2 protein chains.
Amino acid sequence: MFITRRGFAASAAALGACATFNSETSMYGLIGKMRAKPGQRGALTAILLAGADAMPGCRTYIVAHDAEDADAVWITEVWDNADQHRASLQLPQVQAAIAQARPLIAGFDEHHEIVPVGGIGLARS
Amino acid sequence: MFITRRGFAASAAALGACATFNSETSMYGLIGKMRAKPGQRGALTAILLAGADAMPGCRTYIVAHDAEDADAVWITEVWDNADQHRASLQLPQVQAAIAQARPLIAGFDEHHEIVPVGGIGLARS
């Protein structure tokens, strides 16, 4: 979802750099770690979850708390393809979540683009 | 799955340290990044996926390639609880996967315990 906004320039570079990635046929994913402002992780989490309904092409969207870092939130996303992910950023509920969450975020510790290849929990939405 | 073996001592410490974690009622998860030996990522991936069938209590198990790092594999796991995850390490197919995969692994770059709180792709297995 919105943790990926900052990654679009990097995304284009990654698509070019990764010989195995095919935006037409590959799944697309993101693993990110964001840092809430102190005491705001619960509120931030609620916003992240509320914005996650009905996102076409989204197979997995997991919001999790780091077990050892009281301000850290991990998000793992899997989409049918990169285009579906990009389109999701225009959805009204996603744009609303971005606006609501931004004041609660201290920063982003990690942001990784991934090519999911299989497993459990990847059923089509 | 097996990327978590090395984390058991840390796991116990994390359970104690995180006030919001309850091993009886909370979901339990892991996000890890492992590094295949050069040229072995495909073979390692196949082993990781083959070992992932029929793991009781596993809600999500996603194997993904890093889009920018040709040797890196990310795994995101969500379990009903920490006990189910621990029990999975005794499953025959998991133990077989551990034995087969070990020679292909150069190392572990990241290993994070998480408390999943919601989202998409978390249906009970």
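Below, chains carry the letters A, B, ... as their sequence lines are ordered, and counting in each starts from 1. For clarity, every value in this text was computed on a predicted model and none was experimentally measured.
Residues that satisfy the side chain to side chain donor-acceptor pair (under 3.5 Å) test with A/Asp71, not counting sequence neighbours, are absent from this structure.
Ranking B/Ala64, B/Pro116, B/Gly119, B/Gly121 against chain A, the residue ahead of the rest is B/Ala64, based on heavy-atom pairs under 4.5 Å.
In plain terms, the two heavy atoms of A/Ile120 and B/Arg59 that are nearest each other are CG2-O, 3.6 Å.
Atom CD1 of residue B/Ile114 and atom CD1 of residue A/Ile62 lie 6.5 Å apart, to the nearest 0.5 angstrom. The CD1 atom of A/Ile31 sits 10.0 Å away from the CD1 atom of B/Ile75 when rounded to the nearest 0.5 Å. Rounding to the nearest 0.5 Å gives a distance of 8.5 Å between NZ of A/Lys33 and CD of B/Glu110.
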Using residues 42-50 of chain A as the side-chain source, report each donor-acceptor pair under 3.5 Å to any protein atom, sequence neighbours left out, with the distance given to one decimal.
unit_1: A/Thr45; atom_1: OG1; unit_2: A/Arg41; atom_2: O; d: 2.7
unit_1: A/Thr45; atom_1: OG1; unit_2: A/His65; atom_2: NE2; d: 2.8

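The contact between A/Leu122 and chain B is made entirely by side chain atoms (from C-beta outward), counting heavy-atom distances below 4.5 Å. Proximity to chain A (any heavy atom under 4.5 Å) is shown, for B/Val73, by neither the backbone nor the side chain.
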